[in-house]
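Computed from a prediction, not measured in an experiment: that's the story for all the values here. Note on naming: letters A, B, ... go to the chains in the order of the sequence lines (proteins, then strands), and numbering restarts at 1 for each one.
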There are 2 protein chains.
Amino acid sequence: MLHVLLHMARHDGPMTSEAIARMLGTNPVVVRRTMAGLRDAGYVRSEKGHGGGWAIAADLEAVSLLDVHRAVGGPRIFAIGSEHSNPDCAVEKTVNAAVEDALRDAEALLVARLGAVSLAELARVFEGHCAQADERRA
Amino acid sequence: MLHVLLHMARHDGPMTSEAIARMLGTNPVVVRRTMAGLRDAGYVRSEKGHGGGWAIAADLEAVSLLDVHRAVGGPRIFAIGSEHSNPDCAVEKTVNAAVEDALRDAEALLVARLGAVSLAELARVFEGHCAQADERRA
DNA sequence: AATCACGATACTTATGATGTTACATGATTC
DNA sequence: GAATCATGTAACATCATAAGTATCGTGATT
């Protein structure tokens, strides 16, 4: 989805679900499903009818990678975690406390890192890469 | 599994797969499947026949939570990550670099934290909790 | 010899993510 | 205003993975 957003930023005029789906090697309906989150968050806008499609609707400076991640679906960052958490067992409580403590710290770091990068910054990094490539070609 | 290991540490004599399964609300075969990793890593030992079962086979000081995690199966820590990683698309490469950078740092922190805690420490923490509880009762 | 417990395999659910089809609705074009 | 285009939504199919289950073999104890 980040991929799509950056492409949209470099593309004037809306992009259709079908075009995006081709780009991602997937299906227009799947695209609409996942883009719905971004639309509800106000990051993109969708227009129906002729010449319709998806377009950026927010200031890219104000949208971080973390924002996109949250809008697109997953508060679930880690593949591990204490699922049952039987509070009857004192051993289990000890274990969970230790694991969750480390997990919380790592998540905080990741959230900070993702929250610190805006889409606009990413776009600038990309433009920089292009400029370097052009230079090499010249 | 951490739960099981600490229980085993406080239990003299081997525990059967069935007893462990009851403890975890699961199935003996599932227990054997996941314990196989711990056995291959040398953290536990399994004995067949009458009076057999599972027992600790290593110094708990030398086994970290990270060791257990790795032995038990998952090198997969994060629920997110760049899966297709189409190297043809320059936009995608930019995005992946940014995300994976943050991901790598968070994973490093988590690995460091989990690697710093040994099962023995955890057992001591647990004993401490028990002592406190006894004190309150007295 | 009987019993107990693990080891291993194969098979069956259960779950979630993804893909697919179909139809309704709104917007544009002619 | 009819045709067309594109999204919105619902319902269903498919796929992959994890978990549960059944069964048999093997070694160890009694």
Side-chain angles (χ1 to χ4, degrees), chain A residues 1 3-5 7-8 11-57 69 71-86, chain B residues 1 3-5 7-8 11-57 69 71-86:
Chain A
M1 280 302 129
H3 186 177
V4 173
L5 286 170
H7 269 290
M8 273 170 50
H11 186 275
D12 50 331
M15 298 182 65
T16 71
S17 301
E18 201 184 330
I20 298 174
R22 255 197 311 274
M23 203 165 81
L24 267 58
T26 180
N27 191 293
V29 177
V30 177
V31 171
R32 287 198 270 271
R33 269 209 287 254
T34 54
M35 296 282 279
L38 295 174
R39 174 178 38 111
D40 295 347
Y43 304 149
V44 300
R45 189 182 10 177
S46 62
E47 300 286 352
K48 291 183 172 182
H50 221 117
W54 300 87
I56 300 285
H69 174 253
V72 101
R76 185 162 230 74
I77 304 236
F78 293 108
I80 56 180
S82 319
E83 51 288 339
H84 347 292
S85 202
N86 175 352
Chain B
M1 279 303 128
H3 185 179
V4 173
L5 285 170
H7 270 291
M8 273 170 52
H11 186 274
D12 50 330
M15 297 181 65
T16 71
S17 301
E18 200 183 331
I20 297 174
R22 254 198 312 274
M23 205 164 80
L24 266 57
T26 181
N27 191 293
V29 178
V30 176
V31 170
R32 285 198 270 267
R33 268 208 288 254
T34 54
M35 296 282 281
L38 294 173
R39 172 176 40 103
D40 294 346
Y43 304 149
V44 299
R45 188 180 10 172
S46 62
E47 301 287 353
K48 292 183 172 183
H50 223 118
W54 300 87
I56 300 285
H69 174 252
V72 99
R76 186 162 230 72
I77 305 235
F78 293 109
I80 57 181
S82 319
E83 52 287 342
H84 344 295
S85 202
N86 174 352

Taking side chain to side chain contact (heavy atoms under 4.5 Å, CB included) as the test, write out the residues that go with A/E18, two or more places apart. A/T16, A/R22, A/P28
OP1 or OP2 of C/dC4 under 4.0 Å from side-chain N/O of B/T16: no
Assuming nearest nucleotide by heavy-atom distance, tell me which of A/G53 and B/G25 is located more 5' along DNA chain D. A/G53
Grab the CD1-P distance between B/I20 and C/dC6 for me, whole Å please. 7 Å
Would you compute the distance between atom CG of A/L38 and atom CE of A/M1 and round it to the nearest 0.5 angstrom? 7.0 Å
Once you round to the nearest 0.5 Å, how far does CD1 of A/I56 lie from CE of A/M15? 10.0 Å
Once you round to the nearest 0.5 Å, how far does CE of B/M35 lie from CG of B/L5? 6.5 Å
Whole-Å gap separating C1' (C/dA5) and CH2 (B/W54): 10 Å
Whole angstroms only, please: what is the CE-C1' distance between B/M1 and D/dA18? 14 Å
What is the separation between atom CZ on B/R22 and atom C1' on D/dG20, rounded to the nearest whole Å? 17 Å
Nucleic acid footprint by protein, nucleotides 21-30 of chain C - heavy-atom cut-off 4.0 Å, B for base, S for sugar-phosphate alone: B---BBBS--
Which atoms of nucleotides 12-16 of chain D (N or O only) lie under 3.5 Å from a protein N or O atom, and what are those distances?
none

Nearest-0.5 Å distance, NE2 of residue B/H7 to CD1 of residue B/I20: 10.5 Å
Rounding to a whole Å, what distance do you find between B/D40:CG and C/dG7:P? 9 Å
Do other residues, nucleotides or ligands put more than 12 heavy atoms under 6.0 Å from the CG atom of B/D40? yes
On the nucleotide C/dA5, are OP1 or OP2 found under 4.0 Å from the side-chain N or O atoms that B/S17 carries? no
Please collect all side-chain hydrogen bond (donor to acceptor under 3.5 Å, both in side chains) contacts where either partner lies in residues 44-54 of chain B, sequence neighbours excluded, each pair once. B/S17-B/W54
Does A/A41 have any side chain to side chain contact (heavy atoms under 4.5 Å, CB included) partners at least two apart in sequence or in another chain, and if so, which? A/Y43, A/A71
B/T26: which residues meet the side chain to side chain contact (heavy atoms under 4.5 Å, CB included) condition with it, sequence neighbours left out? B/A21, B/L24, B/V30, B/V31
For a quick check of understanding: with a heavy-atom distance under 4.0 Å over all strands, which category does A/R45 fall into, base, sugar-phosphate or nothing? nothing
Separation of C/dC6 atom P from B/M15 atom CE, nearest Å, is 11 Å
Just N and O in the side chain of A/S46: are any of them under 4.0 Å from OP1 or OP2 of D/dA6? no
